[in-house]
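Order of the sequence lines sets the chain letters (A, B, ...), proteins ahead of strands, with each chain counted from 1.
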2 protein chains.
Amino acid sequence: MAAQGLTREMLTSAALRIVDDDGLHALSMRRLGSELRVDPMAAYRHIPNKGTLLDEVVEAVMSEIDTDAVDASLPWQDRLRALAVSYLATLMAHPNAAPLIAERSLRGAGSLRVVEKALRIMTDAGAQLGDAIATIDAIGLLAAGIAQASSASVEQAEATAGKPLAGLPPEGFPLLAQAAAAGALSDGLADVFNFAIDAMIAALEAKSPSGHGPRVP
Amino acid sequence: MAAQGLTREMLTSAALRIVDDDGLHALSMRRLGSELRVDPMAAYRHIPNKGTLLDEVVEAVMSEIDTDAVDASLPWQDRLRALAVSYLATLMAHPNAAPLIAERSLRGAGSLRVVEKALRIMTDAGAQLGDAIATIDAIGLLAAGIAQASSASVEQAEATAGKPLAGLPPEGFPLLAQAAAAGALSDGLADVFNFAIDAMIAALEAKSPSGHGPRVP
DNA sequence: CTACTGATGTCTACGCTGTAGACAATAGTA
DNA sequence: TACTATTGTCTACAGCGTAGACATCAGTAG
């Protein structure tokens with residue numbers, strides 16, 4: 001007997017809000033119900049189980065990416081980079097949902113739309129389909145990992161009392177200790193992303209038969 | 001009153017066996033206890049909570065990697081590749097544990113040992129520490145993603161009735177449909193890994209001041 | 001207007017989870 | 001022999017996802 005009736009969209013957006021605000025572990029059917037002032041079981045009139053609710057949340061996040069925002073007149077390298085950056089930005093806007101996305105993307109149309117767009121950018125530039133898939137796979141997983149890592153200190157590492165390496169014996173791991181001290185493991189994650197993207201783009205360029213991007217009309 | 005007394009190692013190896021055999025979801029404290037013919041609560045005499053048990057499982061898997069197996073006389077590119085390949089091979093030997101490793105590596109000495117080794121290979125070759133970190137981050141996340149994806153069809157996708165893209169409208173996603181038909185999304189995952197590694201290595205080579213690998217004595 | 005039908009929200013209950021706290025039994029030492 | 005620390009057992013609690021019965025309502029056919 002809520003306002004005027006539950007909808008799938010209300011469930012999805014409430015679920016995403018819970019995840020954003022209080023983390024993935026806070027999203028339970030009971031919590032979802034109480035958020036919508038409704039019996040926990042009411043959700044099951046609109047979704048078959050919690051798994052599909054999670055899929056819908058992933059779809060909601062992935063649909064925030066505007067694949068048409070990349071300027072078509074730019075060279076393919078820049079378009080690919082722009083798409084990847086906006087993908088990462090979207091994940092960073094919902095870092096608590098990143099594990100979800102890493103696990104359950106490639107299912108709904110919203111996610112596939114982004115992948116298809118990236119594939120087209122690369123194959124239009126002359127890349128092999130297999131190499132293009134390798135590139136988005138690597139970039140997608142990396143972005144999810146980065147977004148997840150960026151929120152790990154907030155949600156999860158509070159159980160381990162601080163940074164991942166805090167309290168580690170610096171002797172035996174001199175390079176890691178040095179990197180941790182320089183903040184390269186947490187602050188420099190955007191650099192990680194850029195480095196990987198540039199590496200993949202350069203590899204695609206090297207493999208492409210023509211020296212510069214071909215333009216197939 | 002079991003055989004002669006529980007140990008942390010018995011718990012860890014039993015936990016890993018459960019994960020390997022029946023998946024991550026099958027690992028509960030009750031199941032762990034029944035596997036060892038012991039009360040579920042007995043485990044808590046040796047570990048503070050389930051989370052540290054999971055950390056131990058990650059450590060056990062990571063410790064299977066033999067970082068000294070890579071021939072030190074090889075050029076750094078080959079050594080890095082060998083290390084990455086043996087990392088992926090280890091993950092593929094425990095695909096059900098891959099999500100665990102993606103989430104909880106960089107905590108115990110066993111994991112850090114591998115990372116430190118990779119860092120040293122790269123920095124010895126003249127790479128910047130930041131670039132080296134970017135490389136292992138990307139490779140590590142990618143390997144975990146690949147291992148996870150390779151088992152996803154077994155453990156998880158049985159709920160979604162088959163391959164990720166099965167039952168998708170091919171129109172609208174022509175490239176993805178083509179890739180799925182060619183098996184590039186499941187069979188070609190090793191190629192994804194090789195492509196990414198080669199790309200990262202090439203990027204490191206390009207950034208390194210000296211054209212070929214320097215040898216610091 | 002009545003009676004039926006389908007949709008939607010509610011309630012109770014089951015088996016599962018991690019784990020706190022009391023109790024029992026055993027091993028090692030003074 | 002008596003005390004103590006360690007380790008396994010038992011019971012119990014709050015939480016989880018969700019199956020199934022029941023209640024309430026909107027819309028339609030007679």
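With a 4.5 Å cut-off on side-chain heavy atoms, Thr7(B) and His46(B) do not count as touching.
One can place CG of Asp22(A) at 16 Å from C1' of dG15(D), the figure rounded to the nearest angstrom. Atom-to-atom, CZ of Arg8(B) to P of dG8(D) comes out at 14 Å; the value is rounded to the nearest Å. To the nearest angstrom, C1' of dG17(D) lies 13 Å from CG of Asp39(A). Rounded to whole angstrom, the span from the NE2 atom of His25(A) across to the P atom of dG17(D) amounts to 13 Å. Separating the CG atom of Leu32(A) from the P atom of dG17(D) is a distance of 9 Å, rounded to the nearest angstrom. Between Leu53(B) atom CG and dT17(C) atom P there is a gap of 14 Å when expressed in whole angstrom units. Summarising the geometry, the separation between CG on Leu11(B) and P on dT19(C) is reported as 13 Å, rounded to the nearest angstrom.
Taking 3.5 Å as the limit, the base of dG18(C) and the side chain of Arg30(B) contain a donor-acceptor pair of atoms between them.
Residues from residues 41-49 of chain A with heavy atoms under 4.0 angstrom of DNA chain D, sorted by number: Met41(A), Tyr44(A), Arg45(A), Asn49(A).
Between Thr90(B) and Val61(B) the shortest heavy-atom distance is CG2-O, 3.4 Å. The minimum heavy-atom distance between Ser63(B) and Gly110(B), with the atom names listed, is OG-CA, 4.1 Å.
Closest contact between the side chain of Met29(B) and the listed nucleotides dG18(C), dG8(D), dG17(D) involves dG18(C).
Going from atom CZ of Phe173(B) over to atom CG of Leu112(A) covers 5.0 Å, rounded to the nearest 0.5 Å.
When Glu116(A), Arg113(A), Lys117(A), Arg120(A) are each tested for a side-chain hydrogen bond (donor to acceptor under 3.5 Å, both in side chains) with Thr67(A), only one passes: Arg113(A).
For Glu59(B), the side chain to side chain donor-acceptor pair (under 3.5 Å) partners are Ser111(B), not counting sequence neighbours.
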